[in-house]
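This report concerns only the one structure given below.
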Amino acid sequence: MVDSLTLYNAQFHKVKLTETNGAVHIETADLYGSEYDSGYDEAIIGLTNGYYYKEHEISSIEILD
C-alpha cells in the first residue's frame, strides 16, 4: 500500500500503477484527492484511463517521467 504523500507527488506525472490484484496501468495521474476530501477516509488518485484508485487498492506507484 502507498501513502497519500506518494500519491500527491505523482499527480500530473506519467505513472506505473500496480493494483493489489496485480493489474498494471501506465497512465498520467490527473487527479489527487486527500483522505479529508475524497469522501473515503483515504487518499485517491485518478488516472487518464478514467478510473480512480483508493490507497488500499494500490500496491505500488512509480513516476515514469
Side-chain angles (χ1 to χ4, degrees):
M1 190 167 100
V2 298
D3 62 11
S4 64
L5 182 59
T6 301
L7 296 181
Y8 174 79
N9 289 332
Q11 188 178 20
F12 305 125
H13 290 281
K14 185 175 182 178
V15 298
K16 178 181 176 183
L17 182 143
T18 305
E19 293 184 62
T20 54
N21 67 7
V24 176
H25 308 279
I26 297 176
E27 302 283 340
T28 299
D30 62 354
L31 177 122
Y32 165 78
S34 73
E35 56 270 21
Y36 307 107
D37 298 325
S38 70
Y40 297 108
D41 293 329
E42 61 184 319
I44 60 168
I45 194 158
L47 302 184
T48 52
N49 64 2
Y51 290 98
Y52 302 99
Y53 300 91
K54 299 174 190 168
E55 262 182 286
H56 80 272
E57 299 172 325
I58 304 168
S59 64
S60 69
I61 190 164
E62 175 185 350
I63 297 174
L64 302 176
D65 63 2

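Other residues sharing the hydrophobic cluster of Ile44, ordered by chain and number and joined by side-chain separations under 4.5 Å: Leu31, Tyr40, Tyr52.
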Side-chain atoms of residues 9-17: list all donor-acceptor pairs with protein atoms under 3.5 Å, sequence neighbours left out, distances to 0.1 Å.
residue	atom	partner	partner atom	Å
Asn9	ND2	Leu5	O	3.3
His13	ND1	Asp65	OD1	2.9

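Side chain of Ser59 to backbone of Thr18: a donor-acceptor contact under 3.5 angstrom is found.
Other residues, nucleotides and ligands contribute at most 12 non-hydrogen atoms within 6.0 Å of the CG atom of Asp41.
In this structure Asp30 satisfies the side chain to side chain donor-acceptor pair (under 3.5 Å) test with no other residue, sequence neighbours excluded. With sequence neighbours left out, Glu55 forms a side chain to side chain donor-acceptor pair (under 3.5 Å) with no residue at all. Remark: Thr6 pairs with Asp3 by the side chain to side chain donor-acceptor pair (under 3.5 Å) rule, at least two apart or across chains. Taking the side chain to side chain donor-acceptor pair (under 3.5 Å) definition, one finds that Thr48 meets it with Glu27, sequence neighbours left out.
Rounded to the nearest 0.5 angstrom, Ile45 CD1 and Ser4 OG are separated by 11.0 Å. Separating the CD1 atom in Ile26 from the CG atom in Leu64 is a distance of 6.0 Å, to the nearest 0.5 Å.
Checked against the 6.0 Å centroid threshold, His25 and Tyr51 do not count as a close aromatic pair.
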